[in-house]
Amino acid sequence: MFSDEHTILIVDDDEESLKAIKRALQKDYRVITSDKGKEAIKLFKKEVVDITITDLKMPDMDGMDVLEKAKEIDPEISVIMLTAYGTIENAVDAMKSGAVDYLLKPVDIFELRTRVKKAIQNKTLHREIEYLRAQVNKKYGFHSIVGNSQAMKEIYSQIVQIAPAKTNVLVLGESGTGKELVAKSIHHNSPRANKPFIPLNCSALPENLLESELFGFEKGSFTGATEKRLGKFEIAQGGTIFLDEVGEMTNAIQIKLLRVLDQKEIMRVGGSSTIKVDTRLITATNTDLEKAVEAKRFREDLYYRLKVVTINLPPLRERKEDIPLLVDTFLRQFNEENNKNIKGFKKEVIDLFIDYHWPGNVRELKNIVENMVVMSNKTILSLNDVPSSISKLKSKEKNVYLKIGSPLMEMEKELIRETLKEVNGNRTKTAKILKIGLRTLQRKIKSYNLD
């Protein structure tokens, strides 16, 4: 897929420095050299160069010009700037213009090797990510689903296996994990791809409106029904209908949906005859349907019809290795949408994102990146650009210290108490942080007198 050999171009008018750097690197890399900036530009056009190490101050063309010309020829090239102590400020400017690193002269050979190795690793990783994304989109059309973690690779595999079938699919996952994106990917990889994909959020509408949206209505069937209207099942004929938050359906709607699955037909509100429909049903929820069935809030027969195949989407906190890739994807998207040219984020920002628990999952991360891109005019974004909603929560994080030998119930009580304090008593957030159900949390709060 990729060549193991990496080419490094060294540009320095100091002959001794040029030879020393070449000797330090030629054992591990293919090294070419030039003592003139203009000559280096010609080499860029003839050679495929991975890393360029260039002196900042040269007589015929300085390092900034070399950087600019190199980026014009190959925007993906990585440039490391060499600078004397008195021109560090210029080197920082070079990094803002696209250099990946800088080193002080005289060069520390050990540090040079370390920096070059890091630059090669970053470049290789970027290439692999781009290659993987291109292959995935080309073959499977996964579109906006982003992730290279083992958990997401398993999701991709499931989508590929499930898509060609006619089977009903239930997508489970917390709010913001991308359930609709998975449903779209299943549809676009299925034989129904050229037919409509129709989404509907069941929690957004009261029962009477939801029934009309799903099944349509006849003219005069109720006040305001001045003409016949097709429902989502008819509009999605031959395609896929995606019902999000299906656990919020009332019992009456559940019965009607069960009839659609059993009989493959609907009846419009106010209608007297049935209409045959051919639609694949994909549903999603962030609630525990098994518990809803036990509590008699959701029909057991419908539940088993919906969950013929189940996909469990992991929350972002369980696939944090995907965060840098997600951030990079969102940055490029919002740069383009807002005509910005932000190069990236400081390491401290990515570290903060990885440490944060993301109760709103990928959707929350996407919104945070958009906020930072829109609100900043910097080239590289720092902690100062992170919205206070994230940075304040991070600054409040602390350990709960408990004495060895404390009863387990006392430890649990203290942990719940401190977590509630940190989120200003918000029980939903507390349950998410502690990874327990909201009802379980409420029961423990009552049991421990934490009201």
Side-chain angles (χ1 to χ4, degrees), residues 149 151 172-179 203 245 247-248 284-298 312-324 326-327 345 347-369 371-372 382-451:
S149 62
L172 301 176
E174 296 177 7
S175 179
T177 49
K179 296 186 288 294
S203 67
E245 302 304 342
E248 302 300 316
T285 182
N286 60 12
T287 59
D288 190 329
L289 286 187
E290 285 192 11
K291 289 185 178 179
V293 169
E294 291 174 6
K296 307 298 182 183
R297 295 193 311 274
F298 200 86
N312 286 282
L313 276 180
L316 186 55
R317 63 180 173 273
E318 292 181 6
R319 58 180 187 104
K320 288 190 172 183
E321 60 267 48
D322 287 331
I323 287 177
L326 286 161
V327 169
F345 298 78
K347 183 178 182 297
E348 59 193 17
V349 177
I350 302 301
D351 289 343
L352 171 63
F353 286 169
I354 290 173
D355 287 342
Y356 182 58
H357 58 277
W358 298 108
N361 291 293
V362 178
R363 184 186 297 128
E364 183 182 6
L365 175 60
K366 185 176 182 180
N367 291 341
I368 291 297
V369 174
N371 175 285
M372 294 175 71
S382 68
L383 283 178
N384 292 331
D385 301 296
V386 179
S388 59
S389 59
I390 301 293
S391 56
K392 284 182 180 177
L393 277 176
K394 177 61 182 174
S395 67
K396 287 181 180 178
E397 286 184 4
K398 64 180 181 179
N399 295 320
V400 178
Y401 295 100
L402 296 163
K403 184 179 179 181
I404 299 299
S406 300
L408 185 60
M409 291 178 64
E410 189 62 34
M411 295 172 69
E412 182 179 64
K413 177 181 177 180
E414 186 65 15
L415 182 59
I416 293 173
R417 186 208 310 276
E418 291 301 321
T419 307
L420 282 165
K421 282 182 182 179
E422 294 305 319
V423 294
N424 298 318
N426 187 311
R427 298 185 179 192
T428 301
K429 286 185 177 180
T430 299
K432 285 183 177 180
I433 292 170
L434 297 177
K435 298 182 183 180
I436 60 175
L438 182 57
R439 290 187 178 181
T440 301
L441 174 65
Q442 290 170 334
R443 187 174 67 251
K444 290 179 181 293
I445 288 173
K446 184 176 180 181
S447 172
Y448 294 140
N449 286 322
L450 294 175
D451 286 316

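Only this structure's heavy atoms are used, side chains among them; waters, hydrogens and symmetry mates stay out.
Atoms CG and NZ, on Leu450 and Lys421 in that order, are 10.0 Å from each other to the nearest 0.5 Å. Here the OG atom belonging to Ser149 is positioned 3.5 Å from the CG atom belonging to Asp322, to the nearest 0.5 angstrom. Interatomic distance, Ile416 CD1 to Ser447 OG, rounded to the nearest 0.5 Å: 9.0 Å. In this structure, Glu412 CD and Leu415 CG are separated by 8.0 Å, a value rounded to the nearest 0.5 Å. Atom CH2 of Trp358 is separated from atom CG of Leu365 by 4.5 Å, given to the nearest 0.5 angstrom. One finds the CD atom of Gln442 at 6.0 Å from the CZ atom of Arg427 (value rounded to the nearest 0.5 Å).
Between Asn371 and Pro387, the shortest heavy-atom distance links the atoms OD1-CG, 3.4 Å. When all heavy atoms of Gly247 and Leu289 are compared, the pair lying nearest together is CA-CD2, 3.8 Å. In plain terms, the two heavy atoms of Gly360 and Glu364 that are nearest each other are N-OE1, 2.7 Å. Closest heavy-atom contact between Thr430 and Asn426: OG1-O, 2.8 Å. Met372 and Phe345 make their closest contact through CE-CE2, 3.6 Å (heavy atoms, listed as atom of the first residue, atom of the second, distance). The minimum heavy-atom distance between Pro324 and Ile350, with the atom names listed, is CG-CG2, 4.1 Å.
Put simply, the side chain of Leu316 does not reach to within 4.5 Å of the side chain of Thr177, judged on heavy atoms. Looking at heavy atoms from C-beta onward, Ser175 lies out of side-chain contact with Asn361 at the 4.5 angstrom threshold. When side chains are defined from C-beta on, Arg319 counts as touching Val362, because their heavy atoms get closer than 4.5 Å. Residues Phe298 and Thr287 have side chains not in contact (no heavy-atom distance under 4.5 Å, counting atoms from C-beta outward). The closest side-chain heavy-atom distance from Ile445 to Leu420 is below 4.5 Å. Proximity of Leu326 to Phe353: side-chain heavy atoms (C-beta onward) are nowhere separated by under 4.5 Å.
Remark: Thr440 pairs with no residue by the side chain to side chain donor-acceptor pair (under 3.5 Å) rule, at least two apart or across chains. Under the rule for a side chain to side chain donor-acceptor pair (under 3.5 Å), Arg443 has no partner lying at least two apart in sequence or in another chain.
Screening Arg317, Arg363, Lys179, Lys432 for a side chain to side chain donor-acceptor pair (under 3.5 Å) with Glu174, the sole residue that qualifies is Arg317.
Checked by atom type and distance alone, the side chain of Asp385 pairs as donor or acceptor with a backbone atom of Ser382 at under 3.5 Å.
Between Arg417 and Glu414 there is a salt bridge, since a side-chain N of the basic residue sits under 4.0 Å from a carboxylate O of the acidic one. A salt bridge does not link Glu418 to Lys413: none of the charged side-chain nitrogens sits closer than 4.0 Å to a carboxylate oxygen.
Counting non-hydrogen atoms of neighbouring residues, nucleotides and ligands closer than 6.0 angstrom, the CD atom of Glu321 exceeds 12 such neighbours.
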